[in-house]
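Atoms considered below: every heavy atom in the structure, side chains included; atoms not considered: hydrogens, waters and symmetry mates.
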Amino acid sequence: MREGYEGTGPGAITPDGCAVELYARLPVYDEPDIIAAAVPAGAHILELGCGVGRMTHPLLARGFTVTAVDESPEMLARVQGARTIRSTVEDLDLPERFDVVMLASFLVHTGDTEVRRGMLRACARHVAEGGCVLIQREGEDYHTNLPRERVDPSGFTLRMVSAEPVGDGVNSVRAEYEFPDAVWTQTFLARPLTKEQFEEALGEAGLRVDKYLTEDRIWVRAVRAETAGETAGAAQAAPSM
């Protein structure tokens with residue numbers, strides 16, 4: 001287990017505190033629709049931090065080819081129909097390039113600045129010329145609108161309990177997932193990033209925002225900084241999908 005990370009509950013727990021059995025139960029929301037609307041049909045997607053394949057499987061069903069990367073063998077064992085690679089995101093260095101590179105699950109908010117830089121560099125070095133990088137950011141009130149609770153229609157309760165500062169702009173965040181037959185908790189380190197800080201981090205990796213895909217700016221399409229296309233004025237929020 002990484003320092004500052006912890007997970008409790010039935011089944012295997014990954015080094016960043018994720019419970020494999022929990023993630024296998026979580027429903028799919030509108031993420032695959034947002035992704036499909038933002039990239040070419042049939043694109044080859046490099047999914048970084050795929051977990052159990054919660055988004056992998058719907059993307060495969062939509063006709064995309066997916067190469068799924070995760071550091072957890074227990075997570076990868078749940079992925080079906082995609083090529084799988086066991087690796088941390090920041091250390092991945094494949095000889096090929098992809099139409100789309102995806103960094104979801106708020107991984108860009110990792111508390112370790114150097115790990116974040118490594119993740120974004122991995123995105124930049126694996127995206128093909130003319131391709132794009134899709135990134136999922138935290139909501140802008142994720143660390144302040146606390147505690148909060150949501151009862152999911154599928155029958156479990158998610159509680160975001162707290163976000164306690166631990167220094168250097170990093171918070172220790174605690175989440176609880178309560179199902180009728182089991183409870184899981186996860187504690188992890190996350191660094192809130194303003195829009196400006198996020199765009200600066202992209203720039204360090206040679207990337208820039210092409211378009212904010214949702215009104216809340218949680219989903220972003222980025223491209224190589226030197227890629228011709230939309231100007232900075234086009235990086236405004238698009239209608240949510």
Side-chain angles (χ1 to χ4, degrees), residues 23 26-64 66-70 89 98-110 116 119-120 122-124 126-128 130-145 148 150 152 158 160 173 175 190-203 205-225 227 229-241:
Y23 278 83
L26 293 181
V28 179
Y29 300 109
D30 61 350
E31 300 101 330
D33 294 330
I34 294 171
I35 295 162
V39 304
H44 190 170
I45 299 174
L46 176 64
E47 184 183 3
L48 302 176
C50 65
V52 296
R54 193 175 67 86
M55 282 191 271
T56 315
H57 299 137
L59 291 172
L60 290 169
R62 285 164 169 78
F64 295 102
V66 181
T67 293
V69 178
D70 204 277
V89 173
F98 298 82
D99 304 320
V100 181
V101 178
M102 186 168 69
L103 186 70
S105 303
F106 316 126
L107 291 176
V108 73
H109 290 273
T110 178
R116 182 195 70 212
M119 288 180 173
L120 290 175
C123 291
H126 286 100
V127 66
C132 67
V133 178
L134 300 184
I135 300 172
Q136 185 184 26
R137 304 173 61 221
E138 293 179 338
E140 294 178 3
D141 66 346
Y142 275 28
H143 292 248
T144 56
N145 179 24
R148 64 182 183 272
R150 178 175 62 83
D152 192 87
L158 166 61
M160 299 304 298
V173 181
R191 180 183 298 274
L193 297 171
T194 65
K195 175 177 177 286
E196 292 73 23
Q197 289 169 331
F198 168 71
E199 292 180 1
E200 181 180 355
L202 288 183
L207 300 169
R208 65 170 178 84
V209 171
D210 180 52
K211 190 174 186 179
Y212 286 100
L213 301 173
T214 52
E215 289 183 348
D216 55 17
R217 295 195 290 268
I218 288 178
W219 279 94
V220 186
R221 185 173 64 209
V223 295
R224 290 184 179 276
T227 300
E230 297 178 19
T231 62
Q236 302 298 316
S240 60
M241 301 174 190

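Counting heavy atoms from C-beta on, the side chains of F198 and V220 come closer than 4.5 Å. Using a 4.5 Å heavy-atom threshold, the side chains of F64 and V39 count as touching. Side-chain contact between L202 and I135 is present, with heavy atoms from C-beta onward closer than 4.5 Å. Side-chain atoms of E31 and R54, non-hydrogen and from C-beta on, do get closer than 4.5 Å to each other. In this structure the side chain of L103 reaches within 4.5 angstrom of the side chain of L120, judged on heavy atoms. Inter-residue side-chain proximity for E140 and D216 is flagged as unmet; no heavy-atom pair is nearer than 4.5 Å. For the pair M119/V108, no side-chain contact is recorded, criterion being any heavy-atom separation below 4.5 Å from C-beta on. Residues E199 and K195 meet the side-chain proximity criterion, which asks for heavy atoms closer than 4.5 Å.
Remark: H109 NE2 to E138 CD distance equals 4.5 Å, nearest 0.5 Å. Atoms CD1 and CE, on I35 and M102 in that order, are 4.0 Å from each other to the nearest 0.5 Å. To the nearest 0.5 angstrom, W219 atom CH2 is 6.5 Å from I34 atom CD1. Atom CZ of residue R137 and atom OG1 of residue T194 lie 7.5 Å apart, to the nearest 0.5 angstrom. To the nearest 0.5 Å, the span separating CG on L60 from CE on M55 amounts to 12.5 Å.
At distances below 3.5 Å, not a single donor-acceptor pair connects side-chain atoms of D99 with backbone N or O atoms of G131. A distance-only check finds no donor-acceptor pair linking the side chain of R224 to the backbone of G206 [under 3.5 Å].
With sequence neighbours excluded, no residue forms a salt bridge (charged side-chain N to carboxylate O under 4.0 Å, His left out) with D141. Residues passing the side-chain hydrogen bond (donor to acceptor under 3.5 Å, both in side chains) test with S105, sequence neighbours excluded: none. Applying the side-chain hydrogen bond (donor to acceptor under 3.5 Å, both in side chains) criterion to R62, with sequence neighbours excluded, gives D33.
Scanning all heavy atoms of the two residues, the minimum distance from A38 to L134 falls at CB-CD2, 4.3 Å. Between L207 and C123, the closest heavy-atom pair is CD1-CB, 4.4 Å. The two residues V223 and C132 have their closest heavy-atom pair at CG1-CB, 4.3 Å. Shortest non-hydrogen contact noted between H57 and V52 is CE1-O, 3.5 Å. Pairing each heavy atom of V100 with each of A43, the nearest pair is CG2-CB, 4.0 Å. Between D152 and R150, the shortest heavy-atom distance links the atoms OD1-NH1, 2.8 Å.
The aromatic rings of H44 and F98 sit perpendicular, their planes meeting at an angle over 60°, well past the 30° parallel limit.
The cationic group of R148 lies under 6.0 Å from the six-membered ring centre of Y142 and within 45° of the ring axis, placing it in a cation-pi geometry.
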